[in-house]
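Following: one structure in structure tokens, then a few remarks.
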2 protein chains.
Amino acid sequence: MTYMKKKYPIRLTPQRLAILEYLEGNKAHPSASDIYKAVSEKYPMMSFATVYNTLDTLREKMQVLELSIDSKKKRFDPNTKPHHHLICMECKAITDIHRKFALDLTDGERCDYKIMRNHIDFYGVCSNCKKKTK
Amino acid sequence: MTYMKKKYPIRLTPQRLAILEYLEGNKAHPSASDIYKAVSEKYPMMSFATVYNTLDTLREKMQVLELSIDSKKKRFDPNTKPHHHLICMECKAITDIHRKFALDLTDGERCDYKIMRNHIDFYGVCSNCKKKTK
DNA sequence: ATGTGTGCAAACGCTTTGCAATTTG
DNA sequence: CAAATTGCAAAGCGTTTGCACACAT
């Protein structure tokens, strides 16, 4: 487990390791309670506060992204490389798209903001749902 | 007030008119409680449930968009024309950007989806918040 | 010894719901 | 009259917080 020490610049408690283990490579964009449910099965000592604390810490250290895809709850993405999303309007599946798009705003559009990044959501219908609709 | 009859395909009660009046041309992307606060000052008979009911109905009839920009609460946009958003990461202000971006995905990226539309969020810091941070 | 992390439970804010009363077509 | 809408209050759910205890450096 110590292999993570370099990778994650936070103190690695058993709880945090359990959470990181669950997140590692997870492409489901889980919510905090998804994480709590999954992790507490294996490690029953886990508390909700610790999940939130850990996610907070990870977000501060940029080890996790907090997504606003779902207006009901935060969802988390362990893939911190900037990327975009392809979302199925039917089944809500989310696929990552790893490409940079150079999108420049005009001075007028920029409204004197300092722009840091952009995120694109592509909305469509996945191949599975296309079949069903027919 | 009857001028709205054609425009909004819903039964127009005084409460709904009050909400529509507040939303008409509103570019602040208000939350449900923003709407409740503003409208109930003028029409004290307004209840929270009615605000949510009305927003739900309007969303079904595509008269309002529900935004998931803010992970804490839903925000609503009376502008249903497709457009993009410039978001202040500090104060969560949202500015509309009315431009079409032609963003084509490669066949590989498209994952056999039928893509309908895209939405871009530009994240940055607005001029107000830039001042405060210094 | 000091700071950091944990667990519990209570509190909080936004949203939804059940239901009776009212209004509308 | 039947169906839709309203207001109220309670409940639901995700999230945050306060605090005492445990742990690590």
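Lettering of chains follows the sequences in order, A, B, ..., and the numbering in each one begins at 1.
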inquiry  = Whether the B/Asp96 and B/His84 side chains hold a donor-acceptor pair (N or O, under 3.5 Å, no angle test) is what I'd like checked.
reply    = no

query = For the pair made of CG in A/Leu12 and P in C/dG5, what is the distance, rounded to whole Å?
reply = 11 Å

message = Output the rounded distance in Å from CG (A/Asp70) to C1' (D/dC13).
response = 12 Å

query = What is the distance from atom OG1 of B/Thr54 to atom CG of B/Leu23, rounded to the nearest 0.5 Å?
reply = 9.5 Å

task = Name the closest nucleotide to the A/Tyr52 side chain, picking from C/dT15, D/dT15, C/dG7.
result = D/dT15

request  = Using atom CZ of B/Arg59 as one end and atom C1' of C/dT15 as the other, report the distance to the nearest whole Å.
outcome  = 12 Å

task = Starting from the 5' end of DNA chain D, give me the residue, B/Lys72 or B/Met46, whose nearest nucleotide shows up first.
result = B/Met46

query = More 5' along DNA chain D: A/Lys74 or B/Thr54, using each one's nearest nucleotide?
reply = B/Thr54

remark   = Closest to the side chain of A/Thr13, out of C/dT6, C/dT15, D/dT16, is C/dT6

message = Please pick, from C/dT4, C/dT24, C/dG7, the nucleotide with the shortest atom-to-atom distance to any side-chain atom of A/Thr50.
response = C/dG7

ask   = Under 4.0 Å between a side-chain N or O of A/Arg16 and OP1 or OP2 of C/dT6?
value = yes

key: Closest to side chain of A/Gln15, choosing from C/dT16, C/dT24, C/dT6   = C/dT6

query = Looking at the side chain of B/Ala49, which of C/dT15, D/dG14, D/dC8 is the nearest nucleotide?
reply = D/dC8

ask   = How close or far is atom P of D/dA2 from atom CZ of B/Arg11, stated in whole angstroms?
value = 15 Å

request  = Measure from the side chain of B/Met45, starting at C-beta and using heavy atoms only, and say which of C/dT16, D/dG7, D/dT6 lies closest.
outcome  = D/dG7

remark   = When B/Pro14 and B/Phe76 are each assigned the nearest nucleotide of DNA chain C, the 5'-most assignment goes to B/Phe76

request  = State the CE-CZ distance between B/Met46 and B/Arg16, to the nearest 0.5 angstrom.
outcome  = 10.5 Å

ask   = Is there a chain of hydrophobic side chains (I, L, V, M, F, W, Y, each step under 4.5 Å between heavy atoms) that links B/Val125 to B/Phe122?
value = no

message = What is the separation between atom OH on B/Tyr36 and atom C1' on D/dC8, rounded to the nearest whole Å?
response = 10 Å

Length of the CG-P vector between A/Asn53 and C/dG7, whole Å = 10 Å

query = Considering only C/dC14, D/dA4, D/dG14, which nucleotide approaches the side chain of A/Lys73 most closely?
reply = D/dG14

request  = Calculate the interatomic distance between B/Phe48 atom CZ and D/dA11 atom P; express it in whole Å.
outcome  = 19 Å

query = Does B/Ser47 put a side-chain nitrogen or oxygen below 4.0 Å from OP1 or OP2 of D/dT6?
reply = no

Interatomic distance, A/Ser68 atom OG to A/Asp121 atom CG [nearest 0.5 angstrom] = 10.0 Å

key: Nearest-Å distance for atom pair CG/P, residues B/Leu67 and C/dC14   = 17 Å

